[in-house]
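One structure below.
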Amino acid sequence: METQLTWYGQSAFKIITPAGNVLLIDPWLTNPVFEKGKDEAAALERVDLILVTHGHADHVGNAVEIGKRTRAKLVATYDLSAAMTTVLGYPTDLANTDTTGHFGGTLKLLDSEVSVTFVPAWHGTAVEKDGNSPPYYGGNPSGLIVAIRGGPTFYHTGDTDLFSDMALVSRFNKIDIMLVCIGDHFTMGPVRAAEAVKLVAPRTVIPMHYGTFPVLTGTPEMFNRELKQRHVKADLRVMKIGQTIKLSE
Ligand SMILES: [Zn+2]
């Protein structure tokens with residue numbers, strides 16, 4: 001079986017591995033631009049891992065409700081995992097040492113079919129129970145390298161600015177698919193995102209974190225222009241919200 005990738009809008013993705021394991025990254029399915037988000041979240045029966053890059057609500061999203069229902073394990077840095085269990089109520093038995101790590105470390109998960117490496121991101125991580133509660137410490141935000149055995153290696157940037165150490169990501173992992181934020185305002189916009197792609201040199205790049213709110217003004221067209229200007233070789237693949245694509249090794 002090939003690896004399948006679904007985009008739900010913002011930074012939310014589902015990956016189904018060749019062995020049939022189901023991973024969610026930053027699972028905010030009930031976002032303003034995914035009409036079927038509520039139904040899709042309720043229809044998810046099997047989820048093995050929920051990976052979260054940082055504690056902001058547009059990334060934690062529906063993680064807790066989906067985790068409770070499907071018994072998916074939480075994959076996050078130590079501090080975020082602690083905040084998500086104590087503040088947001090993610091079940092503690094699903095957020096233990098096997099799936100909790102930190103920068104530079106690689107976790108071998110699901111009989112080593114999936115490896116996850118935490119890498120830095122330049123952003124914030126306030127964890128908030130609701131709009132009226134004070135923010136809780138959630139550690140440093142992360143990007144994620146997700147390597148699938150017999151499938152592609154993904155780099156999900158999380159929310160971040162451009163930083164030169166992104167070049168180190170591909171020194172240790174050949175990145176096939178880079179999932180990159182382009183929306184501007186809270187993260188890189190198209191110009192800085194194009195520079196990030198140049199540093200990482202993936203085979204394919206898929207833009208995310210744009211168009212969800214009016215302030216996220218970066219577009220795939222602007223991003224494409226910036227990539228072309230820099231003669232970046234990566235294939236730009238623009239996904240539709242709710243679309244699933246198949247990916248070879
Ligand atoms: Zn965000």
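In each ligand, atom 1 is the first atom listed, and ligand 1 is the first ligand listed. These values consider heavy atoms only, across backbone and side chains, with no hydrogens, waters or symmetry-generated copies.
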Mind telling me whether His59 and His209 have parallel, tilted or perpendicular rings, with 30° and 60° as the class edges?
parallel

Residue list, salt bridge (Lys or Arg N to Asp or Glu O under 4.0 Å) with Asp184, at least two apart or on another chain
none

Determine the sole option in Val47, Leu44, Ile50 for which the side-chain contact (heavy atoms from CB on, under 4.5 Å) test with Pro27 is passed.
Ile50

Return all protein N, O or S atoms below 2.8 Å from the Zn ion (ligand 1), chain by chain in residue order.
Asp58 OD2, His59 NE2, Asp159 OD2, His209 NE2

Out of curiosity, does Leu162 fall in the hydrophobic cluster containing Leu144 (side-chain heavy atoms, cut-off under 4.5 Å, transitive links)?
yes

Set of residues satisfying salt bridge (Lys or Arg N to Asp or Glu O under 4.0 Å) with respect to Asp98, sequence neighbours excluded
Lys73

By side-chain hydrogen bond (donor to acceptor under 3.5 Å, both in side chains), which residues pair with Thr53, not counting sequence neighbours?
Asp26

